[in-house]
Amino acid sequence: MSTPLIIAAHGTRDAAGEAVCRRLGERVARMLPDARVAVGFVELSLPTIPDALREVVADEPAGRAVVVPLMLGTGGHVRNDIPAFIEEALESVPEARIDYAGHLGADPRLTDAVRQRLDAALGDWEPGEATLVFVGRGALVAEANADHVRLARMHYEQGGWGAVEPCFIQVTDPRLPDGLDRAYAGGARRIVVMGHWLFPGRLRQWTFEQAEAWAAAHPDAEVRLAEVIGDCDELAEVVIDRYRETLPDATPSGSPAYLTGLLLQGRSVVVVGAGRVSSRRVQRLLDSGADVTLIAPEATPGLVRLAEAGRLRWQRRGYRDGDLSGAWYALAATDDPRVNAAVAAEAEREHAFCVRADHAPGGSAWTAASQSAGGVTIAVVGNREPQRSRAVRDAIFAAPSVRQAIFTALVGQEER
Ligand SMILES: C[C@@]1(CC(=O)O)C2=NC(=C\c3[nH]c(c(CCC(=O)O)c3CC(=O)O)Cc3[nH]c(c(CC(=O)O)c3CCC(=O)O)/C=C3\N/C(=C\2)[C@@H](CCC(=O)O)[C@]3(C)CC(=O)O)/[C@H]1CCC(=O)O
Ligand SMILES: NC(=O)c1ccc[n+]([C@@H]2O[C@H](COP(=O)([O-])OP(=O)(O)OC[C@H]3O[C@@H](n4cnc5c(N)ncnc54)[C@H](O)[C@@H]3O)[C@@H](O)[C@H]2O)c1
């Protein structure tokens with residue numbers, strides 16, 4: 001069994017909202033069959049987070065658990081309340097190890113889920129002829145509010161909306177009626193209101209009520225309401241990612257990588273993604289004689305040139321399962337975490353080592369900061385601190401004693 005996962009949810013007075021939240025917990029549990037999964041609540045619903053923690057930790061011989069805050073932003077619950085609940089649980093189980101994961105954040109999967117809800121609300125409207133009034137919770141933490149405004153901007157640019165007005169339901173300005181007034185003053189007559197909430201509850205209810213009241217007072221404008229994110233695979237996947245990132249055993253921090261020199265001459269290496277990271281790494285793979293297949297719909301000019309010169313094979317398309325067949329080594333370096341995860345999963349099945357560029361613990365190999373000279377390759381691997389590894393490599397290389405060791409040995413060989 002793996003480390004138990006406690007999902008720290010907000011809690012609600014709304015029975016339907018609580019049920020949706022519990023269904024999400026069940027979905028995560030189905031997707032993580034090896035781990036015990038429980039939901040604990042900050043307030044309004046039961047069990048409390050300390051109770052949920054005490055219960056699972058008591059049953060666990062190793063006394064471990066990971067707490068994932070089921071929260072979109074970094075308000076007071078994430079910063080203060082949930083850590084305090086963990087401390088409270090630890091008072092009765094002081095020998096336990098309870099790790100606290102990051103909040104959900106602006107993960108592309110959640111942005112996708114939001115976009116699906118927005119598309120459903122738009123119906124027969126084109127986004128370009130509509131204004132999105134995007135409602136956040138509002139918090140006392142400026143950063144959390146700023147994150148909401150940033151996300152609104154992302155939806156504006158990626159969704160092709162006529163305009164987007166970020167606003168808040170509580171705590172801070174502009175409030176939802178202000179957001180609607182601003183949209184109206186800007187000429188909007190087709191308005192989609194979305195409350196950026198995870199589950200149904202009072203926030204959703206207030207959003208709907210305020211939007212409907214505003215619409216009744218503005219008969220020349222039409223307002224459509226988008227649903228909350230709710231219980232869906234995208235949300236469950238992000239929860240599981242936060243859990244895995246935090247698992248004490250999943251990060252190799254405790255045990256160093258086993259550094260080896262791969263002899264790749266003539267061996268198949270599959271590189272998925274052809275952006276900045278792949279460009280940096282492919283030349284080195286070619287230098288080592290690897291037989292490189294590049295899979296990506298778009299490639300940097302440098303990689304296009306290598307393909308045109310016949311130095312590598314470029315499959316100009318998205319990754320498909322099966323692409324790693326026969327590969328000895330793979331690089332997952334697209335800008336889509338789902339694709340990188342799928343490449344890493346196929347590599348795992350194929351027993352090929354794979355570097356995952358966006359989330360290193362999700363792969364089985366890491367790229368060293370390396371440099372070759374005089375037939376010696378110096379390679380440094382740290383614990384996800386590439387700049388430090390690069391600096392260590394450069395310092396080693398610059399050291400006169402190192403140069404002397406490399407070149408004296410070389411001269412010695414030439415004389416023999
Ligand atoms: C050494 C080097 C070799 C090479 O790449 O050739 C290398 N990364 C380099 C540069 C670099 N990496 C990053 C930036 C942007 C940083 C910024 O802007 O602040 C830059 C700078 C740039 O791009 O200029 C970001 C980054 N890196 C990783 C993650 C994901 C994660 O940690 O989960 C993210 C966040 C991605 C995101 O934000 O999503 C992960 C890894 N990077 C590694 C190697 C592996 C072992 C690291 C170690 O030893 O500790 C490891 C663990 C796995 C792997 O990918 O192999 C090369 C410098 C060598 C040289 O200069 O010669
Ligand atoms: N490990 C590192 O050293 C490091 C350094 C910087 C960034 N990163 C991370 O690595 C990832 C890639 O960064 P980048 O700067 O190279 O990105 P990029 O945007 O320059 O390139 C992304 C590439 O992925 C391709 N792609 C997108 N969807 C694909 C699919 N379905 N199948 C195949 N290819 C697909 C695109 O066509 C493009 O070639 C990012 O997630 C970034 O956060 C890692």
Side-chain angles (χ1 to χ4, degrees), residues 101-102 105-109 111-112 158 241-242 244-247 250-253 255-260 262 269-288 290 292-307 312-324 327 329-347 353-373 377-398:
D107 189 283
R109 283 161 287 194
T111 317
D112 271 3
Q158 294 172 353
D241 261 22
R242 297 294 168 272
R244 291 210 169 114
E245 284 163 19
T246 315
L247 274 184
T251 56
S253 49
S255 29
Y258 179 76
L259 207 50
T260 193
L262 297 182
V269 170
V270 175
V271 175
V272 184
R276 223 168 46 91
V277 174
S278 298
S279 305
R280 181 168 73 224
R281 293 178 179 176
V282 160
Q283 186 59 54
R284 208 174 269 282
L285 288 166
L286 292 173
D287 289 346
S288 69
V292 174
T293 302
L294 184 66
I295 297 168
E298 300 294 335
T300 60
L303 288 171
V304 171
R305 273 196 301 279
L306 288 171
L312 52 80
R313 254 183 320 280
W314 178 21
Q315 311 264 11
R316 190 167 186 171
R317 57 168 174 78
Y319 162 78
R320 295 183 203 131
D321 192 53
D323 279 343
L324 299 195
Y329 187 75
L331 174 57
T334 79
D335 49 2
D336 184 338
R338 284 167 296 198
V339 176
N340 293 340
V343 173
E346 187 185 350
F353 280 101
C354 176
V355 173
R356 191 175 157 183
D358 60 322
H359 176 55
S364 51
W366 289 1
T367 314
S370 67
Q371 190 165 337
S372 303
T377 299
I378 289 174
V380 177
V381 175
N383 184 22
R384 301 168 77 191
E385 295 154 302
Q387 269 79 0
R388 186 178 70 146
S389 298
R390 170 169 45 197
V392 173
R393 173 203 63 197
D394 292 346
I396 294 174
F397 225 85

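Source: prediction; values computed, not measured. Side chains included, hydrogens not; waters and symmetry mates left out as well; all remaining heavy atoms used. Just so you know, ligand 1 is whichever comes first in the structure, and atom 1 is the first atom listed for that ligand.
- In this structure, Asn383 CG and Trp366 CH2 are separated by 5.0 Å, a value rounded to the nearest 0.5 Å.
- A donor-acceptor contact shorter than 3.5 Å is absent between the side chain of Arg316 and the backbone of Ala299.
- For atom 23 (C) of ligand 2, the nearest non-hydrogen atom of the protein is Ala274 N, 3.7 Å.
- Taking any N or O of Asn340, backbone or side chain, none lies under 3.5 Å from an N or O belonging to ligand 2.
- Under 4.0 Å from ligand 2, the heavy atoms of Ala333 that appear belong solely to its backbone.
- In this structure, OH on Tyr319 lies 8.0 Å from CD1 on Ile295, to the nearest 0.5 angstrom.
- Contact shell of ligand 1 (protein heavy atoms, cutoff 4.0 Å): Arg276, Arg280, Arg281, Val355, Ala357, Asp358, His359, Ala360, Trp366, Thr367, Ala368, Ala369, Val381, Gly382, Asn383, Arg384, Glu385, Pro386, Gln387, Ser389, Arg390, Arg393.
- At the shortest separation from atom 9 (C) of ligand 2 among protein heavy atoms lies Ala357 O, 3.8 Å.
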Take Arg338 and Asp112, measure what side-chain contact (heavy atoms from CB on, under 4.5 Å) needs, and give me the verdict at the end. CA-CA 12 Å; Arg338 284 167 296 198; Asp112 271 3; 2.6 Å; yes
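- Taking atom 15 (O) of ligand 2 as the reference point, the nearest protein heavy-atom neighbour is Arg276 CB, 3.5 Å.
- Residue contacts with ligand 2 include Arg281, since one of its heavy atoms falls under 4.0 Å from the ligand.
- Contact check for Tyr329 versus Leu262: side-chain heavy atoms found under the 4.5 Å cut-off.
- Between the OG1 atom in Thr377 and the CZ atom in Arg393 there is a gap of 11.5 Å [rounded to 0.5 Å].
- Protein heavy atom at the shortest distance from atom 27 (C) of ligand 2 is Asp335 OD1, 3.3 Å.
- Contacts with ligand 2 closer than 4.0 Å are made by no heavy atom of Thr300, backbone or side chain.
- Val339 CG2, 3.5 Å is the protein heavy atom nearest to atom 31 (N) of ligand 2.
- Summarising the geometry, atom CG belonging to Asp287 is positioned 8.5 Å from atom OG belonging to Ser372; distances are rounded to the nearest 0.5 Å.
- Compare Ile295, Thr334, Asp358 by their heavy atoms: the one nearest to atom 29 (C) of ligand 2 is in Thr334.
- Protein heavy atom closest to atom 25 (C) of ligand 2, with residue, atom name and distance, is Gly273 CA, 3.8 Å.
- Below 3.5 Å of separation, one finds no N or O of Asp336 facing any N or O of ligand 2.
- Assignment of Pro386 to the shell around ligand 2 is not supported, since no heavy atom sits closer than 4.0 Å.
- Under the 4.0 Å distance rule, the nearest protein heavy atom to atom 42 (C) of ligand 2 falls outside the cut-off.
- In terms of protein heavy-atom proximity, atom 39 (O) of ligand 2 is closest to Glu298 O, 2.7 Å.
- Residue contacts with ligand 2, taken as heavy atom pairs separated by less than 4.0 Å, involve Arg280 solely via side-chain atoms from C-beta onward.
- Here the side chains of Thr367 and Arg281 are in contact, with some heavy-atom distance below 4.5 Å.
- Remark: among candidates Val277, Val272, Val271, the nearest residue to atom 5 (C) of ligand 2 is Val277, based on non-hydrogen atoms.
- When side chains are defined from C-beta on, Pro361 counts as touching Arg384, because their heavy atoms get closer than 4.5 Å.
- Considering only heavy atoms from C-beta on, Val380 comes within 4.5 Å of Ile396 through its side chain.
- Within ligand 2, counting atoms from 1 as listed, the ones closer than 4.0 Å to a heavy atom of Tyr319 are 30 (C), 31 (N), 32 (N), 33 (C).
- With a 4.5 Å cut-off on side-chain heavy atoms, Gln283 and Leu306 count as touching.
- Checked by distance only, ligand 2 and Gly318 stay at 3.5 Å or farther apart across all their nitrogen or oxygen atoms.
- Remark: atom 37 (O) of ligand 2 lies closer than 4.0 Å to at least one protein heavy atom.
- A search for side-chain hydrogen bond (donor to acceptor under 3.5 Å, both in side chains) contacts involving Arg284 returns Ser370, not counting sequence neighbours.
- When side chains are defined from C-beta on, Leu324 counts as touching Val343, because their heavy atoms get closer than 4.5 Å.
- Residues Pro108 and Asp336 are not in side-chain contact: their nearest non-hydrogen atoms beyond the backbone lie 4.5 Å or more apart.
- At least one side-chain heavy atom of Arg317 sits less than 4.5 Å from a side-chain heavy atom of Asp323.
- Taking all atoms of both residues into account, the shortest heavy-atom contact from Asn340 to Ala332 is OD1-C, 3.5 Å.
- Scanning the protein heavy atoms around atom 18 (P) of ligand 2, the nearest turns out to be Gly275 CA, 3.9 Å.
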